[in-house]
Amino acid sequence: MGEWRRSHYSGQLSSENQDEEVTIAGWVHEIRDLGGVMFLVVRDREGEIQITLPDSKVSDNLSQKASNLNKESVVMVRGIVKEDERAPGGFEIIPEQIKVLSQAKTPLPFEVSGNVNTDLSTRLNSRFLDLRRSEIASIFKVRNTVLTKVREFLETDGFIEINTPKMVATATEGGTDLFPISYFEREAFLNQSPQLFKQMMMSSGLDKVYEIGPIFRAEEHDTHRHLNESISIDIESAFADHNDVMEILEEMIAYIIEGVKKECKKELKEIDSKVEEPELPLKRLRYEEAIEIANQKDIDVLWGEDLSTPAEKAIGEEIGDYYFIVDWPSEIKPFYAQPKDENSDLSKAFDLMHPEFEISSGAQRVHNIELLKERMIQQGLDPNDFDFYLDAFEYGMPPHAGWGLGAERLIMAITSQSNIREVILFPRDRKRLIP
RNA sequence: GCCCGAGUAGUGUAGUGGCCGAUCAUGUAGCCCUGUCGAGGCUACGACCCGGGUUCAAAUCCCGGCUCGGGCGCCA
């Protein structure tokens, strides 16, 4: 590379650069030799640019160098920009010098520039190469925008970003399986959720906190919408009830989608995403109404049961947009979900649903320590295992509410991907631990 | 974890007892070609997941294993 530095990304060239000397850097996307003229297409993060080598205008030496290149090799090209309507994009570069920084081995694990489809599994084995396809890179550019918008929205709303431990001594709330790890002489676990820690922060006076971090689930699920390691977007707000945080959630979703539509036009087009901003306020469907819809569609759900996958799909089809399910039975929601004042069989818990899957769940939390202990016992947990958590409720705990949102689920919805593994760089699922 | 399906060149596929010394596309290599843009033309290269079994004969049928996919369950 020497003293050479990239002067422009391919997408930055315009008629203002006519006859200018530029230096571009990227991967050899295509090589086409027509005899008297050769075309190299160099690809970088922002697009592609054609390098044209007419025998009459470039040295034999340079032509020889270009023809020896393999696809996907890394090169820097210094040359003169020429506007030419025959070139894709309207511009091309007549090279003066080409530096081959890394010759790619052949054959490639799969084609980057061709039209042959490749199985997801094969692609994931060589994810670095997969990301060289712009439609794949687009998904991750959208992902970046989603996470940026989350921070923008929550920061503007006065939330403080926190980080809580991922190595913990006990199960957060029972139910799910944890990955055991070795912590010096003790057994420990990878945390399934920041739930208990963010609730403890409600006792701290920070009032409104959020965390974007990994969660780990040792469940043996193996589906298109489950991961064993994923990113959770969690908030917790003091002096708030479930309705308050549902409003935050729906407004945040709308803000994210609006932002993505504005800032990722090119990427959305590339991945053919039909994302639409939801109409607010989102429908609040009572649990009871939800099972009625399922039952009407001949999917049996009994009161007190969680909604099965076919039930979720049937209801989502009926609603057709994001929606909340509220008034869940207390017994199928975690111990920390606050029962409703007028009927304790129901809870102040909610799920946010995309027509095809759940993307978030939350609740107003129990802040009364006696009730909290009672509910732990009801759900088969021993309050003594949770002293570190319960202590925070002993010395002044305000009413509070919050939710956890699966980042990949949301990104999957926004990018119209049918497999969650498409929206995470290196998925961890039942079968895959490498790479 | 359960049920179902599938494993054929680097990639994606056709072939479901003999017609297969295995199809097509892409790729790779070489040659021709001065404006390609899914470039084109010609030539060559490259594969039946592994192990057992049935049969005169197995890519094809059976059994086991491994891997992958779909559905479900499980799942703050």
Checklist outcome for this item: Taking A76(B), U34(B), C72(B) as options, the one with an atom nearest any side-chain atom of Thr223(A) is C72(B)
Next on the checklist: When both hydrogen-bonding distances must be under 3.5 Å and the geometry is Watson-Crick or G-U wobble, what is C31(B) paired with, if anything?
Outcome noted: G41(B)
Checklist entry - Between Gln199(A) and His400(A), does any side-chain donor sit less than 3.5 Å from a side-chain acceptor? => result yes
Next on the checklist: Suppose you measure atom P in C61(B) against the same atom in G73(B); what distance do you get, rounded to whole Å?
Outcome noted: 32 Å
Checklist entry - Which class fits the ring pair Tyr389(A) and Phe393(A): parallel under 30°, tilted 30 to 60°, perpendicular over 60°? => result perpendicular
Next on the checklist: Measure CG/Asp33(A) against P/G41(B) and give the value in whole Å, please.
Outcome noted: 16 Å
Next on the checklist: In whole Å, I'd like the distance from the NZ atom of Lys71(A) to the C1' atom of G38(B).
Outcome noted: 10 Å
Next on the checklist: Please classify the nucleic acid contact of Thr122(A) as base, sugar-phosphate, or nothing, using heavy-atom distances under 4.0 Å.
Outcome noted: sugar-phosphate
Next on the checklist: Work out how far the P atom of A59(B) is from that of G70(B), and round it to whole angstrom.
Outcome noted: 30 Å
Next on the checklist: Is there, by distance only and without an angle test, a donor paired with an acceptor across the side chain of Glu92(A) and the base of G35(B) below 3.5 Å?
Outcome noted: yes
Checklist entry - Considering only the C1' atoms, how many Å lie between U13(B) and C4(B), rounded to the nearest integer? => result 22 Å
Next on the checklist: Could you identify the nucleotide paired to A47(B), looking across every strand shown and requiring Watson-Crick or G-U wobble geometry with both distances under 3.5 Å?
Outcome noted: none
Checklist entry - Which part of the nucleic acid, if any, lies within reach of Ile215(A) when heavy atoms closer than 4.0 Å are counted: base, sugar-phosphate only, or nothing? => result base
Checklist outcome for this item: Any strand, both distances under 3.5 Å, Watson-Crick or G-U wobble: C61(B) pairs with G53(B)
Next on the checklist: Taking any heavy-atom pair under 4.0 Å as a contact, classify Pro109(A): base, sugar-phosphate, or nothing.
Outcome noted: sugar-phosphate
Checklist entry - With a non-hydrogen cut-off below 4.0 angstrom, is Asn70(A) in contact with a base, only sugar-phosphate, or nothing? => result sugar-phosphate
Checklist entry - Taking atom types as modelled, is there a side-chain donor on Gln296(A) or Glu292(A) under 3.5 Å from an acceptor on the other? => result no
Checklist entry - Can you tell me how far C1' of G70(B) sits from CZ of Arg225(A), to the nearest Å? => result 13 Å
Checklist entry - Under 4.0 Å: is that the gap between some side-chain N or O of Lys105(A) and OP1 or OP2 of U28(B)? => result no
Checklist entry - Is there a Watson-Crick or G-U wobble partner for C19(B) with both distances under 3.5 Å, and if so, which one is it? => result none
Item to check | Integer-rounded Å distance: C74(B) C1' and Glu312(A) CD | outcome: 13 Å
Checklist outcome for this item: Looking only at U36(B), G12(B), U26(B), the nucleotide nearest the Gln50(A) side chain is U36(B)
Checklist entry - To the side chain of Thr309(A), which of G35(B), A76(B), C72(B) is closest? => result C72(B)
Checklist entry - How many Å lie between CG on Leu69(A) and C1' on U28(B), as a whole number? => result 16 Å
Item to check | Rounded P spacing from C31(B) to G12(B) in Å | outcome: 30 Å
Checklist entry - Base, sugar-phosphate, or nothing for Lys313(A), non-hydrogen atoms under 4.0 angstrom? => result sugar-phosphate
Checklist entry - Any idea which of G69(B), C72(B), G12(B) is nearest the Ser121(A) side chain? => result G69(B)
Next on the checklist: Any base atoms under 4.0 Å from Ser308(A), or only sugar-phosphate, or nothing? Heavy atoms, all strands.
Outcome noted: sugar-phosphate
Next on the checklist: Mind checking if Ala337(A) touches a base, just sugar-phosphate, or nothing, with heavy atoms under 4.0 Å?
Outcome noted: nothing
Item to check | Whole-Å gap separating P (G12(B)) and CG (Leu120(A)) | outcome: 11 Å
Checklist entry - Are Lys431(A) and Asp222(A) close enough for a salt bridge, meaning some N to O gap below 4.0 Å? => result yes
Checklist entry - At under 4.0 Å between heavy atoms, what does Asp119(A) touch on the DNA or RNA strands: base, sugar-phosphate, or nothing? => result sugar-phosphate
Checklist entry - What does C74(B) pair with, Watson-Crick or G-U, if both distances are under 3.5 Å? => result none
Checklist entry - Any sub-3.5 Å donor-acceptor pair from Glu83(A)'s side-chain atoms to Gly90(A)'s backbone N or O? => result no
Item to check | 5'-most by nearest nucleotide on RNA chain B - Pro310(A) or Phe39(A) | outcome: Phe39(A)
Checklist entry - Picking from C72(B), U36(B), G35(B), which would you name as closest to the side chain of Pro54(A)? => result G35(B)
Checklist entry - Counting only distance, no hydrogens or angles, is the base of A29(B) paired donor-acceptor with the side chain of Thr106(A) under 3.5 Å? => result no
Checklist entry - Do the rings of Tyr287(A) and Trp328(A) sit parallel, tilted or perpendicular, given the 30° and 60° boundaries? => result tilted
Checklist entry - U36(B) and G41(B): how far apart are their C1' atoms, nearest whole angstrom? => result 15 Å
Checklist outcome for this item: By nearest-heavy-atom nucleotide on RNA chain B, the more 5' of Asn117(A) and Arg86(A) is Asn117(A)
Next on the checklist: Taking Asp241(A) first and then Lys348(A), would you say they form a salt bridge - that is, a charged N and a carboxylate O separated by under 4.0 Å?
Outcome noted: no
Checklist entry - Where does the angle between the aromatic ring planes of Tyr210(A) and Phe159(A) fall among parallel (under 30°), tilted (30 to 60°) and perpendicular (over 60°)? => result perpendicular
Next on the checklist: Whether Lys82(A) contacts G35(B) is assessed here as follows: a side-chain N or O lying under 4.0 Å from the phosphate OP1 or OP2. Is that the case?
Outcome noted: no
Checklist entry - When rounded to the nearest Å, what value does the distance between P atoms of A58(B) and G21(B) take? => result 12 Å
Checklist entry - Is His226(A) touching bases, backbone alone, or none of the nucleic acid, heavy atoms closer than 4.0 Å? => result base
Item to check | Base of G73(B) paired with side chain of Glu220(A) (donor-acceptor, under 3.5 Å) | outcome: no
Checklist entry - What integer number of Å spans the P atoms of G5(B) and G65(B)? => result 16 Å
Checklist entry - Are Phe216(A) and Phe179(A) close enough that their ring centers fall under 6.0 Å? => result no
Checklist entry - To the side chain of Pro107(A), which of U11(B), C72(B), G10(B) is closest? => result G10(B)
Next on the checklist: Using atom P in both nucleotides, what's the gap between G30(B) and A14(B) to the nearest angstrom?
Outcome noted: 32 Å
Checklist entry - In whole Å, what is the span from the CZ atom of Arg133(A) to the P atom of G12(B)? => result 11 Å
Checklist entry - Any idea which of U36(B), U11(B), A76(B) is nearest the Phe110(A) side chain? => result U11(B)
Next on the checklist: For Gln103(A) and Ser73(A): C-alpha separation, side-chain torsions, deciding distance, then whether side-chain hydrogen bond (donor to acceptor under 3.5 Å, both in side chains) applies.
Outcome noted: CA-CA 5 Å; Gln103(A) 177 81 295; Ser73(A) 296; 2.6 Å; yes
Next on the checklist: Suppose we define a pair by two distances each less than 3.5 Å, Watson-Crick or G-U wobble; what does G12(B) pair with here?
Outcome noted: C24(B)
Checklist entry - Checking all strands, does Glu358(A) fall into the base, sugar-phosphate, or nothing category for heavy-atom contacts under 4.0 angstrom? => result nothing
Checklist entry - Over how many whole Å does the gap from Trp403(A) atom CH2 to A76(B) atom P extend? => result 19 Å
Checklist entry - Considering only side-chain heavy atoms of Ser361(A), which listed nucleotide, G1(B), U36(B), A76(B), is closest? => result A76(B)
